[in-house]
Asks: 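Once you've had a glance at the structure underneath, I'll fire off some questions.
Start at 1 and go down the list; that is how both ligands and their atoms are numbered.
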Amino acid sequence: MKLSVLGCSGGIGSGRHTTCLKVDDDVLIDAGTGITTLDFDQLLAIDHIFLTHAHLDHVLGLPLLLDSMGDMRESPLTVHALPEVLEVLSTHLFNWRLWPDFRMIPSAEAPWLRFSPLAFGDAFELGGRTFRALPVNHGVPACAFHLATAAGSLVFSGDTTRSEAFVAALNAIADLRHLIVDTSFENALAGVARASGHHWPDSLAEELRALRVRPEVWITHLKPGNEAAIMNDLHAVAPAWALKALQQGQLIEI
Ligand SMILES: [Zn+2]
Ligand SMILES: [Zn+2]
């Protein structure tokens with residue numbers, strides 16, 4: 001499995017893109033502005049999108065993707081997410097007011113888009129890769145994704161702050177090789193991080209101390225302009241982990 005980082009910033013500006021990870025050629029995890037780095041053929045090859053939650057920085061590429069590619073697709077694009085997340089998209093995005101409902105276009109029988117609820121505990125198998133939703137804590141319905149292959153596992157937290165349930169889920173993945181985890185703000189902005197449901201260095205360090213698995217840990221969703229401060233704080237509070245910022249354009253292979 002090849003995971004390509006198309007976008008991993010907590011915002012935009014100076015080449016930064018918001019969250020979008022590509023798994024091999026056919027799957028995206030989240031559809032932030034990173035999706036705009038794909039060319040036409042690459043966009044057309046995407047058949048499945050797994051959404052961690054419905055915040056705009058993670059979904060805004062989805063309606064534009066369908067508008068650009070829908071008529072060229074031979075089968076519907078499938079969006080996998082928690083039922084609560086799909087409900088938000090139905091009510092507030094694909095509602096004929098903010099955007100057309102592509103689950104009815106060109107017809108309800110043969111649409112360009114379909115929703116596939118993925119509840120906690122479900123596992124979705126796709127060509128030797130398994131996708132599972134894990135619990136996180138972000139103040140709105142949200143999940144992490146556990147990608148499992150025969151060669152090992154990767155977990156992407158999506159957006160989260162402290163979550164004992166997430167740590168417990170990680171500790172149950174014996175073959176966890178990579179953990180991509182949110183740390184959006186430096187310690188001086190811990191109040192903002194707490195209020196917005198994101199980690200800050202001290203909170204992440206506390207969770208790392210509770211880990212019984214030893215994955216390579218990549219930091220994501222750093223706020224633009226705050227990257228150096230966040231990483232400096234992380235290196236001070238969790239020196240043993242050699243934490244690295246996830247980079248746009250990076251490839252992680254399992
Ligand atoms: Zn969010
Ligand atoms: Zn976000």
Asks: The Zn ion (ligand 2) to Asp159: any N/O/S contact under 2.8 Å?
Replies: yes
Asks: Decide, counting backbone as well as side-chain atoms, whether His55 has an N, O or S atom less than 2.8 Å from the Zn ion (ligand 2).
Replies: no
Asks: Over 60° means perpendicular and under 30° means parallel, so tell me whether Phe102 and Trp112 are parallel, tilted or perpendicular.
Replies: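 Judged by the thresholds at 30° and 60°, the geometry between Phe102 and Trp112 is parallel.
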Asks: At less than 2.8 Å, would any N/O/S atom of His198, backbone or side chain, sit next to the Zn ion (ligand 1)?
Replies: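 Given the 2.8 Å cut-off, His198 does not count as a ligand of the Zn ion (ligand 1).
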Asks: Measure centre to centre between the rings of His221 and His58, then say whether the value is under 6.0 Å.
Replies: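 Aromatic pair counts; centres sit under 6.0 Å.
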Asks: Angle class for the Phe50/His80 ring planes (parallel below 30°, perpendicular above 60°, tilted otherwise)?
Replies: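 The arrangement is parallel - the two ring planes meet at less than 30°.
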Asks: I'd like to know whether CZ of Arg214 has more than 12 heavy-atom contacts from other residues, nucleotides or ligands below 6.0 angstrom.
Replies: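 Enclosed: over 12 neighbouring heavy atoms sit under 6.0 Å from CZ of Arg214.
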Asks: For the atoms NE2 of His221 and OD2 of Asp57, give the angle they form at the Zn ion (ligand 2), rounded to 10 degrees.
Replies: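 It is 90°, given to the nearest 10°.
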Asks: Look at His58 and state whether any of its N, O or S atoms is less than 2.8 Å from the Zn ion (ligand 2).
Replies: yes
Asks: Kindly indicate whether a cation-pi arrangement holds for Arg132 with Phe124, taking the cut-offs as under 6.0 Å to the six-membered ring centre and within 45° of the axis.
Replies: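 Not flagged: Arg132 not positioned over aromatic ring of Phe124.
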